[in-house]
Colleague: 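Supplied in structure tokens, the structure appears directly below.
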Amino acid sequence: MACWLLKTEPDTFSLSDLAARPAQTEPWDGVRNYQARNFLRDGMHTGDEVFIYHSSCALPAIVGIAEVASEARPDPSQFDPLSDYYDPRSDPANPRWVLRDIHYQRHLRRPLPLAELRQHAAALTGFALLERNRLSVMPVASEHRSLILQLSEHRDARV
DNA sequence: GCCAACGTTGGC
DNA sequence: GCCAACGTTGGC
């Protein structure tokens with residue numbers, strides 16, 4: 001089973017917001033980057049594990065785990081002129097952007113801050129979160145996943 | 001709020 | 001198809 005990381009701005013939609021949704025599930029809309037779209041549409045499979053990362057906030061950090069809960073389908077917001085995610089260039093007969101339902105699983109025992117992850121840069125070589133700031137959907141290698149889970153189990157940051 | 005990184009657009 | 005200009009992301 002593959003593992004992924006999704007970014008979200010907690011002021012807009014946090015992991016706790018996801019946990020509070022009906023069925024703890026939300027259509028993950030608004031992805032408007034082609035590489036991210038390709039991961040979402042072609043790379044992911046239902047049941048895959050997803051780390052949720054909070055960006056553009058006081059403590060940028062991986063905060064919890066969710067699950068891919070649907071196949072990819074067209075993101076309706078691309079056709080809504082009132083939406084922030086409206087894309088007038090997307091053809092309804094051939095939609096440009098997709099989404100998947102994301103289902104809450106759990107919060108990590110503690111948030112795992114970006115700054116702490118950077119302290120493990122050697123072990124996390126190739127992890128797009130540290131190397132490609134703008135990607136909002138990215139794969140997580142199994143050895144990186146293991147380290148993240150291990151670090152998150154410690155009560156405090158340590159080296 | 002600043003600004004570096006970097007993806008996208010569009011003229012040629 | 002190149003590449004400069006532009007816009008956005010996101011840490012700090």
Side-chain angles (χ1 to χ4, degrees), chain A residues 2-21 26-44 48-66 68 72-102 104 107-141 143-145 147-152 154 156-159:
Chain A
C3 181
W4 305 89
L5 182 143
L6 293 177
K7 291 183 182 177
T8 185
E9 299 188 14
D11 292 346
T12 303
F13 190 81
S14 70
L15 181 63
S16 294
D17 292 330
L18 179 61
R21 278 290 192 260
E26 178 77 358
W28 203 265
D29 63 4
V31 171
R32 293 293 182 271
N33 166 283
Y34 287 103
Q35 191 175 7
R37 189 275 312 268
N38 293 344
F39 284 135
L40 191 66
R41 185 185 63 188
D42 308 327
M44 280 184 181
D48 279 357
E49 183 178 48
V50 175
F51 286 119
I52 301 296
Y53 175 83
H54 282 173
S55 66
S56 296
C57 59
L59 185 70
I62 299 174
V63 292
I65 296 178
V68 177
R73 63 179 184 276
D75 178 348
S77 65
Q78 70 196 302
F79 304 122
D80 177 2
L82 301 180
S83 170
D84 287 344
Y85 303 129
Y86 179 54
D87 182 356
R89 300 150 69 101
S90 183
D91 175 5
N94 185 21
R96 186 178 289 191
W97 307 112
V98 301
L99 56 70
R100 285 176 185 261
D101 292 338
I102 297 297
Y104 175 83
H107 280 70
L108 296 181
R109 188 177 183 195
R110 66 181 178 94
L112 203 52
L114 179 64
E116 184 178 342
L117 292 171
R118 288 198 187 286
Q119 295 172 2
H120 299 273
L124 293 172
T125 299
F127 186 27
L129 186 66
L130 303 187
E131 297 178 0
R132 304 260 333 281
N133 250 1
R134 302 201 47 182
L135 200 57
S136 62
V137 179
M138 66 189 74
V140 180
E143 62 269 29
H144 298 164
R145 170 184 177 274
L147 177 60
I148 289 163
L149 290 175
Q150 181 187 328
L151 291 171
S152 73
H154 292 299
D156 303 300
R158 57 171 81 170
V159 177

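Just so you know, these numbers come straight off a predicted model, no measurement behind them. Letters A, B, ... are given to chains in the order of the sequence lines, protein chains preceding strands, and every chain is numbered from 1.
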Colleague: Any base atoms under 4.0 Å from A:Arg32, or only sugar-phosphate, or nothing? Heavy atoms, all strands.
Modeller: nothing

Colleague: With a 4.0 Å cut-off on N to O distance, would you call A:Asp87 and A:Arg32 a salt bridge?
Modeller: no

Colleague: When the distance from CG of A:Leu59 to P of C:dG11 is rounded to whole Å, what number comes out?
Modeller: 10 Å

Colleague: Return the value, rounded to whole Å, for the distance between atom CG of A:Leu129 and atom C1' of C:dG10.
Modeller: 11 Å

Colleague: To the nearest angstrom, how far is A:Glu131 atom CD from C:dG11 atom P?
Modeller: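 That distance rounds to 15 Å.
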
Colleague: Please pick, from B:dT9, B:dT8, C:dG10, the nucleotide with the shortest atom-to-atom distance to any side-chain atom of A:Arg89.
Modeller: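 That would be B:dT9.
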
Colleague: Write out a two-atom table: protein N or O, nucleotide N or O from nucleotides 4-7 of chain C, distance below 3.5 Å.
Modeller:
{"residue": "C:dG7", "atom": "N2", "partner": "A:Arg134", "partner atom": "NH1", "Å": "2.6"}

Colleague: Mind checking the OG-CG spacing from A:Ser90 to A:Asp75? Nearest 0.5 Å is all I need.
Modeller: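 Going from OG on A:Ser90 over to CG on A:Asp75, the span is 9.0 Å.
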
Colleague: For A:Arg21, give me all partners under side chain to side chain donor-acceptor pair (under 3.5 Å), at least two apart in sequence or on another chain.
Modeller: A:Glu26

Colleague: Do any side-chain atoms of residues 52-59 of chain A form donor-acceptor pairs under 3.5 angstrom with protein atoms, and if so which ones, sequence neighbours left out?
Modeller:
{"residue": "A:His54", "atom": "NE2", "partner": "A:Leu15", "partner atom": "N", "Å": "3.1"}

Colleague: To the nearest 0.5 Å, how far apart are CG in A:Asp48 and CZ in A:Arg100?
Modeller: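 The CG atom of A:Asp48 sits 7.5 Å away from the CZ atom of A:Arg100.
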
Colleague: Would you say A:Tyr34 reaches B:dT9's phosphate, i.e. side-chain N/O to OP1/OP2 under 4.0 Å?
Modeller: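 No, because none of the side-chain N or O atoms of A:Tyr34 sits under 4.0 Å from OP1 or OP2 of B:dT9.
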
Colleague: Check the phosphate of C:dT9 against A:Lys7, side-chain N and O only, distance under 4.0 Å to OP1 or OP2. Yes or no?
Modeller: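 No, A:Lys7 has no side-chain N/O under 4.0 Å of OP1/OP2 on C:dT9.
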
